[in-house]
Protein chains: 2
Amino acid sequence: MARTAGSHSDITGPRIQRAALSLFARQGYAAVSMRQIAAQVGVQAGALYNYTPDKQSLLFGLMRDHMEELLATWRARAGSGSPMARLEDFTRFHIRFHLTRPEEVFIAYMELRNLSPENFAVIEGLRGDYEDALEEILRAGVEAGVFDVPDPKIATLAVIAMLTGVNTWYRSGGRLSLEEVETIYWDMVRKAVGVAPA
Amino acid sequence: MARTAGSHSDITGPRIQRAALSLFARQGYAAVSMRQIAAQVGVQAGALYNYTPDKQSLLFGLMRDHMEELLATWRARAGSGSPMARLEDFTRFHIRFHLTRPEEVFIAYMELRNLSPENFAVIEGLRGDYEDALEEILRAGVEAGVFDVPDPKIATLAVIAMLTGVNTWYRSGGRLSLEEVETIYWDMVRKAVGVAPA
DNA sequence: AGTCTATATGAACGTACGTTCAGAAAAAAC
DNA sequence: GTTTTTTCTGAACGTACGTTCATATAGACT
């Protein structure tokens with residue numbers, strides 16, 4: 001029986017997901033056709049509709065799965081140490097998670113405007129949940145007197161923007177290891193939100 | 001005489017440029033048709049080709065003009081004070097310039113992959129020139145002992161990513177003025193690249 | 001008024017799109 | 001080995017795309 005149910009819990013064939021992922025990342029959602037995705041899987045275009053109701057659900061599924069895995073992985077890892085230790089852990093986690101999934105990250109940032117309004121709201125909600133995790137750490141650090149940020153919400157967005165920026169230049173096999181990149185960025189984050197030097 | 005020459009110095013009608021700018025920013029290059037742009041100008045699609053050789057040149061012209069204005073404006077403003085003063089000036093300039101041109105900035109970041117290889121190289125070159133301006137400031141500060149960054153190139157990219165991130169959340173008329181935003185980010189930049197507190 | 005030049009129209013060209021569906025093929029169940 | 005279920009093909013539908021061009025319009029110059 002062909003699958004035609006609502007989009008939220010659809011299971012799309014993994015090979016189709018992977019094909020869509022790499023094509024959307026390389027060419028952009030609007031520039032990729034269902035026939036291209038089908039060709040990459042080795043099938044005719046019509047066959048895709050046994051696994052996904054439409055092209056939009058394919059995009060939404062990729063983004064939702066990525067954001068949910070990001071959140072679940074962080075929540076499973078987040079500890080209850082000092083704000084400083086939790087911030088370091090968040091920083092290293094964020095860089096490592098994002099650098100190991102460059103295609104998913106690229107799509108999650110670039111294709112937001114190609115989501116339907118309802119799907120957009122879902123992804124934005126998940127993104128907000130993730131931002132809240134960092135904001136809570138910063139607020140705890142301010143309360144404890146170890147961080148000095150005038151506006152934790154803005155500092156959250158600034159830190160995340162800085163960290164996610166790694167994806168625009170890092171190439172594995174380059175002159176810096178993942179560990180070194182983590183440490184360089186952690187130095188900057190620590191100083192940026194820490195109590196002022198002078 | 002219709003304009004059909006090479007793309008570099010074409011002058012595209014300003015009304016067409018503005019229409020393309022707002023449509024590309026809102027829907028993305030691939031999702032906007034020449035007929036939509038023409039409709040926004042109040043003309044039939046064929047008339048656009050009196051002003052631009054093709055759709056690609058329209059995109060490239062927008063991005064090139066934006067990057068060249070960014071560079072020219074900075075170069076006209078950049079002073080020769082202390083590294084700290086120059087960094088503060090760069091920070092405030094970058095935020096102000098980008099926040100007052102949200103559509104151009106959005107396109108310049110999101111539509112890179114829709115440029116032809118030759119056009120992409122041009123835009124990347126201009127972006128590199130701009131990054132070099134900040135990197136030079138950081139290197140001067142390291143040499144003077146007022147900045148502490150292990151890798152000026154990476155610090156450059158990190159700072160620019162952080163600053164450009166403002167565009168994702170700032171809305172004029174919100175609770176923070178442009179001046180306040182500048183100051184908050186300058187605090188973080190100054191601390192992030194400054195000599196360590198402890 | 002008449003000529004020339006710049007700009008616009010509107011139809012057309014060939015191609016590609018997302019999606020549907022009857023029927024063929026293949027796999028699973030018995 | 002036959003039936004039943006699942007999956008795929010291949011053609012088709014209607015629509016839209018970027019671009020071209022013969023023709024019409026309108027303004028500028030003499």
Side-chain angles (χ1 to χ4, degrees), chain A residues 1-7 9-24 26-63 107 111 113-119, chain B residues 1-7 9-24 26-63 107 111 113-119:
Chain A
M1 190 227 298
R3 236 169 247 111
T4 55
S7 64
S9 53
D10 278 0
I11 296 186
T12 304
R15 301 180 53 231
I16 297 175
Q17 288 229 54
R18 274 194 292 272
L21 180 73
S22 78
L23 286 168
F24 288 167
R26 190 150 41 233
Q27 302 174 226
Y29 174 77
V32 171
S33 71
M34 294 299 270
R35 285 169 178 84
Q36 275 178 81
I37 296 170
Q40 181 121 324
V41 175
V43 94
Q44 295 298 317
L48 299 181
Y49 291 85
N50 289 322
Y51 301 93
T52 184
D54 49 33
K55 191 186 175 191
Q56 164 77 197
S57 302
L58 219 42
L59 174 63
F60 176 60
L62 289 173
M63 294 175 75
I107 290 171
E111 303 296 355
R113 69 176 150 199
N114 287 310
L115 291 173
S116 71
E118 311 81 43
N119 289 345
Chain B
M1 192 224 297
R3 238 170 246 110
T4 54
S7 64
S9 53
D10 277 2
I11 297 185
T12 303
R15 302 180 54 231
I16 296 174
Q17 289 229 53
R18 273 194 292 274
L21 180 73
S22 79
L23 286 169
F24 288 167
R26 189 151 42 233
Q27 303 175 225
Y29 174 77
V32 171
S33 71
M34 294 297 272
R35 284 171 178 83
Q36 276 179 80
I37 297 171
Q40 181 121 323
V41 175
V43 93
Q44 295 298 317
L48 299 181
Y49 291 85
N50 289 323
Y51 301 93
T52 185
D54 50 34
K55 191 186 175 190
Q56 165 76 200
S57 302
L58 219 42
L59 175 63
F60 176 60
L62 289 173
M63 295 176 74
I107 290 172
E111 303 296 354
R113 70 178 148 197
N114 287 310
L115 290 173
S116 70
E118 311 81 41
N119 289 344

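Numbers restart at 1 for each chain; the letters A, B, ... are given by sequence-line order, proteins then strands.
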Query raised in the report: Got a sec, which residues hit side chain to side chain donor-acceptor pair (under 3.5 Å) with B:R35, two or more places apart in sequence or on another chain?
Result: none
Report summary line: If each end axis of the helix from C:dT3-D:dA28 to C:dC30-D:dG1 is fitted on five C1' pair positions, the angle between them, to 10 degrees, is 10°
Query raised in the report: What residues, two or more places apart in sequence or in another chain, satisfy side-chain contact (heavy atoms from CB on, under 4.5 Å) together with B:R15?
Result: B:R18, B:V41
Query raised in the report: Taking side chain as C-beta onward, heavy atoms only, is A:Q17 less than 4.5 Å from A:Y51?
Result: no
Query raised in the report: Is any side-chain heavy atom of A:I16 closer than 4.5 Å to a side-chain heavy atom of A:Q40?
Result: no
Query - Whole-Å distance separating the CG atom of B:L59 from the C1' atom of D:dG18 - result: 15 Å
**Report entry** DNA chain C contacts made by residues 27-36 of chain A, counting heavy atoms under 4.0 Å
**Finding:** A:V32, A:S33, A:M34, A:R35
Query raised in the report: Atom CD1 of A:I37 to atom C1' of C:dA16: distance rounded to whole Å?
Result: 15 Å
Query raised in the report: From D:dT7, D:dT19, D:dT9, pick the nucleotide closest to the side chain of A:V43?
Result: D:dT9
Requested in this report: Find the distance A:Q44:CD to C:dT19:C1' and express it as a whole number of Å.
Outcome: 14 Å
Query raised in the report: Under 4.0 Å between a side-chain N/O of B:N50 and OP1 or OP2 of C:dA8, yes or no?
Result: yes
Report task. Using side chain to side chain donor-acceptor pair (under 3.5 Å) as the criterion, list what pairs up with B:S33, not counting sequence neighbours. Result -> none
Query raised in the report: Do B:N119 and B:L59 touch side chain to side chain, with heavy atoms closer than 4.5 Å?
Result: no
Query raised in the report: Do B:L58 and B:I37 have side-chain heavy atoms sitting under 4.5 Å apart?
Result: yes
Listing time: all N or O pairs from protein to nucleotides 21-29 of chain D that are below 3.5 Å?
none

Query raised in the report: Please give, in whole Å, the distance from D:dT19 P to B:Y51 OH?
Result: 17 Å
Requested in this report: Could you tell me which residues satisfy side-chain contact (heavy atoms from CB on, under 4.5 Å) with B:Q44, sequence neighbours excluded, listed by chain and number?
Outcome: none
Query raised in the report: Does a nitrogen or oxygen in the side chain of A:Y49 sit under 4.0 Å from OP1 or OP2 of D:dT6?
Result: no
Query raised in the report: For the side chain of B:Q56 and the backbone of B:S116, is there at least one donor-acceptor N/O pair under 3.5 Å apart?
Result: yes
Query - Whole angstrom value for the distance that separates C1' of C:dC17 from CG of A:L48 - result: 14 Å
Report task. Kindly write out the residues that satisfy salt bridge (Lys or Arg N to Asp or Glu O under 4.0 Å) with B:R113, not counting sequence neighbours, or none if the list is empty. Result -> A:E111
Query raised in the report: With a 4.5 Å limit on heavy-atom distance, are the side chains of A:Y49 and A:M34 in contact?
Result: yes
**Report entry** Closest nucleotide among D:dT19, D:dT7, C:dT19 to the A:K55 side chain
**Finding:** C:dT19
